[in-house]
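Structure, as structure tokens:
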Amino acid sequence: MPFLKRPPTTPSLSTLLDIKSQKCGLRHTVFSPSGNEYTGEWQNNKKHGKGTQVWKKSGAIYNGEWKFGKRDGYGTYSVLLPGSKKYVKKYCGEWTDGKKDGYGTYFYNNSSVYEGEWSEDQRSGWGRMYYANGDIYEGKWLKDKNHGEGIIIFSNGNRYEGSWREGKKDGRGKFYYCDKGQLYEGLWVDGVPKCGTLSDFGRDGAPMPAKCQIPKVHLIDPQLVLREAESAYLGQF
């Protein structure tokens with residue numbers, strides 16, 4: 001029986017060139033047809049590891065971690081100021097699958113700042129928002145809106161502590177009118193107080209106290225009256 005020699009297993013020249021062209025490991029700057037440029041690590045021809053991406057059209061820069069071609073891990077996204085060569089930081093924090101996800105800080109164009117948790121590019125979870133007008137909110141978020149338990153301190157010193165729903169006060173809460181020395185405690189629905197009690201609170205130290213004190217309520221069980229009022233109101237919905 002004749003011995004048959006196996007054909008050589010060496011890859012063809014075209015296969016070798018294709019393998020060499022695959023980007024893997026640390027590379028120098030790679031330019032795309034659109035003019036974008038990336039400098040960093042690769043795996044299986046995808047951005048993977050640490051690297052820096054520069055978008056030609058917007059001038060934006062991302063510097064951080066990548067996973068299979070998408071921003072994933074910790075990274076910083078900065079934009080170019082119009083008419084200048086100065087970059088300003090927009091977001092610094094965690095990413096997942098190309099979106100803000102985890103803990104991070106976002107800097108808005110109007111000088112507002114949010115620091116806290118994100119989910120799929122939206123503020124979700126615990127977070128603190130510093131508004132441009134001086135107000136500060138700290139508490140729960142869901143899909144970019146105040147949702148859950150939270151506190152907002154207004155620039156004039158007044159504050160609200162309680163429940164929120166889709167960006168509005170909703171549920172039980174307390175509103176401290178520190179400028180007048182009064183406290184409202186009760187039920188809110190869709191941002192509007194519906195039933196509760198208003199009493200003096202810190203009146204002596206208030207900068208603009210009300211002219212007259214609020215008289216005390218003389219009821220055997222004022223809390224029972226409030227609960228019945230809340231039940232009657234909520235029963236309409």
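A quick note: this is a predicted structure, and the numbers were derived from the prediction, not measured. Count residues from 1 along the sequence.
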request  = Any salt bridge (charged side-chain N to carboxylate O under 4.0 Å, His left out) involving residues 155-164? Give me the pairs, sequence neighbours left out, ordered by first then second residue.
outcome  = R159-E161
query = When clusters are formed from ILVMFWY side-chain contacts under 4.5 Å, directly or step by step, what else is grouped with V54?
reply = I61, L80, Y87
Y38 and Q53, any side-chain heavy atoms less than 4.5 Å apart = yes
message = Test: side chain to side chain donor-acceptor pair (under 3.5 Å). Region: residues 65-86. Which pairs qualify, not counting sequence neighbours?
response = K70-D97
ask   = Should Y62 and W95 be marked as a side chain to side chain contact (heavy atoms under 4.5 Å, CB included) after you check the CA-CA gap, both sets of side-chain angles, and the distance that decides it?
value = CA-CA 11 Å; Y62 171 79; W95 303 74; 3.5 Å; yes
ask   = Rounded to the nearest 0.5 Å, what separation is found between the NZ atom of K168 and the CG atom of N146?
value = 12.0 Å
message = Quick check: do K174 and L183 have side-chain heavy atoms less than 4.5 Å from each other?
response = yes
request  = Supply the members, apart from I151, of the Ile/Leu/Val/Met/Phe/Trp/Tyr cluster built from side-chain contacts under 4.5 Å; use none for a lone residue.
outcome  = I153
query = Which hydrophobic side chains are connected to Y103, either touching it within the sub-4.5 Å cutoff or through other members that do?
reply = W126
request  = Establish, yes or no, whether a centroid distance under 6.0 Å links the rings of W118 and Y91.
outcome  = yes
note = The complete set of salt bridge (charged side-chain N to carboxylate O under 4.0 Å, His left out) pairs with one or both residues in residues 125-151, sequence neighbours excluded, reads E115-R128, R123-D144, R128-E138
inquiry  = Minimum heavy-atom separation for L187 and R172, please, with both atom names.
reply    = CD1-N, 4.4 Å
ask   = Between N158 and D179, is any pair of side-chain heavy atoms under 4.5 Å apart?
value = yes
